[in-house]
Amino acid sequence: MTENNRLRVAMQKSGRLSDDSKELFERCGIKVRYHEQRLLAAAENMPIEFLRVRDDDIPGLVMDGVVDLGIIGENVLEETLLTRKSQGDPTEFRMLKRFDFGGCRLSIAIPRDEEWQGLESLNGKRIATSYPQLLKRCFEAKGLTFRPCLLTGSVEVAPRAGLADAICDLVSTGATLEANGLKEVEVIYRSKACLIARKDEMDAEKEDLVKRLLVRMQGVARARE
Ligand code: PRT
Ligand code: ZN
C-alpha cells in the first residue's frame, strides 16, 4: 500500500474550480497529464499526485487524513466542517492559503416583486438551499428559525415551483437569480477557493515540499498582480 511517498493533493475533477486549480499547479512548474477516466494523476517532475474528485468530498478527505492537501471553496469547507462537527467526525485541518479565484457569496434571495423587510420576515418560513448548516448558523445567531428544503441543484427554481418562500444559494454575477425572477437581499457568507492541509505533521520531505509549493504559489500570485 505505502509503496510511494508522494504528496497527495485533492482537486475538483470538473467544475468551477478545476481549471483554476490545474492552472495554478501548471504555473508552479508541475508537469502533469490528467486522464479523463483516472482518479489519480502523477506529476512527471515532482513527487506529487493529484486525486480528482467531486468538490464536496475534498474537505472530508483532508480531515480524515486520506490526502495531504486539497483545494476547495471556503463555502464547501465551512459547510462540511459544521456537518462533521454535528456528527462527531474529525474536523481538524490547516488553512495554508486563500486564492484569488472561485470567488462567490452565499446569499438569501426572494421573489423580485416581494418587499424585503429583513431576515426576521423569513422566520419559520421554508427556504431552499444546499447549505443548511451555514444558513442555520446565520438564523440561530439572530434567534430565528427556518424550515429547510434541501436541494443539491436547481435551488433557484424552488420559489417558482411552490417548494419554498426563499432560497439561500451561491451567487457570482447574479444572472441566475435575475433569470429566475429572484432578487438578492442578504449576503450570509463570502467565499474564495483555498488550500488546506491535513492537521497531523507529514514527514520532513513532504513538509518541505509543501513549503516549496507555497513559495511558488506566492510567486504566481505576485506575477498576476
Ligand atoms: O461536481 P462537483 O460536486 O464537483 O461540482 P459542483 O457542481 O458542486 O460545484 P461547482 O463546480 O458548480 O462549484 C464549485 C465551487 O465554485 C463552489 O463550491 C464555489 O466555491 C465556487 N463558485 C464560484 C460557484 C459559483 N461561483 C457559482 N456562481 N459555485 C456555484 N455557482 C453557481 C450557483 O450555485 C448558481 O447556480 O452558479 C450559479 C450562480 O451564478 P451567477 O453568476 O448566475 O450568479
Ligand atoms: Zn459539489
Side-chain angles (χ1 to χ4, degrees), residues 8-25 34-41 50-64 66-67 69-84 93 95-112 116 127-138 148-161 163-164 166-196 217 224:
R8 203 166 253 194
V9 183
M11 60 192 251
Q12 188 185 26
K13 182 166 196 278
S14 77
R16 288 169 191 264
L17 302 180
S18 36
D19 285 349
D20 284 316
S21 304
K22 275 189 201 169
E23 192 188 320
L24 174 77
F25 291 115
Y34 303 98
H35 297 272
E36 203 39 49
Q37 308 301 331
R38 287 192 208 151
L39 184 70
L40 281 174
F50 296 94
L51 186 68
R52 299 167 71 227
V53 292
R54 290 199 62 179
D55 65 344
D56 315 73
D57 296 334
I58 294 173
L61 288 167
V62 173
M63 291 169 194
D64 287 330
V66 178
V67 299
L69 303 183
I71 292 187
I72 187 64
E74 290 168 312
N75 53 312
V76 173
L77 174 64
E78 197 68 15
E79 179 73 18
T80 308
L81 202 59
L82 294 170
T83 306
R84 287 175 70 100
F93 68 97
M95 174 63 75
L96 297 186
K97 193 167 172 52
R98 203 168 182 239
F99 297 114
D100 61 0
F101 62 85
C104 58
R105 49 200 192 269
L106 183 64
S107 293
I108 309 264
I110 61 169
R112 190 189 296 143
W116 177 238
I127 305 182
T129 191
S130 314
Y131 295 89
Q133 300 287 346
L134 284 167
L135 183 58
K136 187 161 163 255
R137 184 170 73 183
C138 165
C149 165
L150 300 179
L151 293 171
T152 54
S154 305
V155 175
E156 65 282 356
V157 303
R160 207 171 357 118
L163 301 176
I167 70 165
C168 171
D169 200 11
L170 299 176
V171 182
S172 49
T173 62
T176 304
L177 294 183
E178 175 75 29
N180 286 279
L182 301 169
K183 62 179 175 190
E184 185 177 8
V185 289
E186 190 126 343
V187 176
I188 71 161
Y189 190 81
R190 289 186 192 276
S191 177
K192 283 192 170 179
C194 62
L195 179 70
I196 56 172
M217 284 177 184
R224 281 176 149 191

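One-based numbering, in listed order, for ligands and for the atoms of each. From a predicted model like this one, the values you see are computed outputs, not experimental measurements. What's counted below: heavy atoms across the whole structure, side chains too, no hydrogens, waters or symmetry copies.
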Quick test of your reading of the structure: of Asn180, Ile72, Leu17, Asp55, whose heavy atom lies closest to atom 8 (O) of ligand 1?
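Nearest option to atom 8 (O) of ligand 1, by heavy atoms: Asp55.
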Nearest option to atom 24 (C) of ligand 1, as decided by whichever heavy atom of Arg54, Glu184, Arg16, Glu79 sits closest:
Arg16
Applying a 4.0 Å heavy-atom criterion (strictly less than), which segment of Asp169 is in contact with ligand 1: side chain, backbone, both, or neither?
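Side chain only; the backbone of Asp169 stays clear of ligand 1.
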Checking the side chain of Glu79 only, and the main-chain atoms of Gln133 only, is there a donor and an acceptor separated by less than 3.5 Å?
yes
Counting each atom of ligand 1 from 1 as listed, which ones have a heavy atom of [X] under 4.0 Å away?
X: Val76; value: 18 (O)
X: Val171; value: 44 (O)
X: Gly103; value: 23 (C), 26 (N)
X: Gly73; value: 20 (O)
X: Gly15; value: 11 (O)

Would you check whether Thr173 has a nitrogen or oxygen atom less than 3.5 angstrom from a nitrogen or oxygen atom of ligand 1?
yes
Can you confirm, on distance only, whether ligand 1 has an N/O atom lying under 3.5 Å from any N/O atom belonging to Gly174?
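Looking only at distances, the answer is yes, because the N/O contact criterion of under 3.5 Å is met.
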Considering heavy atoms of the protein only, find what lies nearest to [atom] and give residue, atom and distance to 0.1 Å.
atom: atom 33 (C) of ligand 1; answer: Leu170 O, 3.3 Å
atom: atom 5 (O) of ligand 1; answer: Gln12 NE2, 2.9 Å
atom: atom 26 (N) of ligand 1; answer: Cys104 CB, 3.4 Å
atom: atom 28 (N) of ligand 1; answer: Ser172 OG, 3.0 Å
atom: atom 39 (C) of ligand 1; answer: Thr176 OG1, 3.4 Å
atom: atom 18 (O) of ligand 1; answer: Asn75 ND2, 3.0 Å

Checking side-chain contact (heavy atoms from CB on, under 4.5 Å) between Leu182 and each of Arg160, Glu156, Arg112, which is the one that passes?
Glu156
When you measure from the Zn ion (ligand 2) to each N, O or S atom of Asp55, which atom gives the shortest distance?
OD1
Which atom of Asp56 approaches the Zn ion (ligand 2) most closely (N/O/S):
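Checking each N, O and S atom of Asp56, the shortest distance to the Zn ion (ligand 2) belongs to OD1.
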Does Arg190, at its CZ atom, have more than 12 non-hydrogen atoms belonging to other residues, nucleotides or ligands within less than 6.0 Å?
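At most 12 heavy atoms, drawn from other residues, nucleotides or ligands, come within 6.0 Å of this atom.
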Test: Lys13 and Glu36 ion pair at under 4.0 Å
yes
Once rounded to the nearest 0.5 Å, what's the spacing between atom SG of Cys138 and atom CG of Leu106?
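If we round to the nearest 0.5 Å, Cys138:SG and Leu106:CG are 9.0 Å apart.
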Are Tyr189 and Tyr131 near enough that their ring centres are under 6.0 Å apart?
no
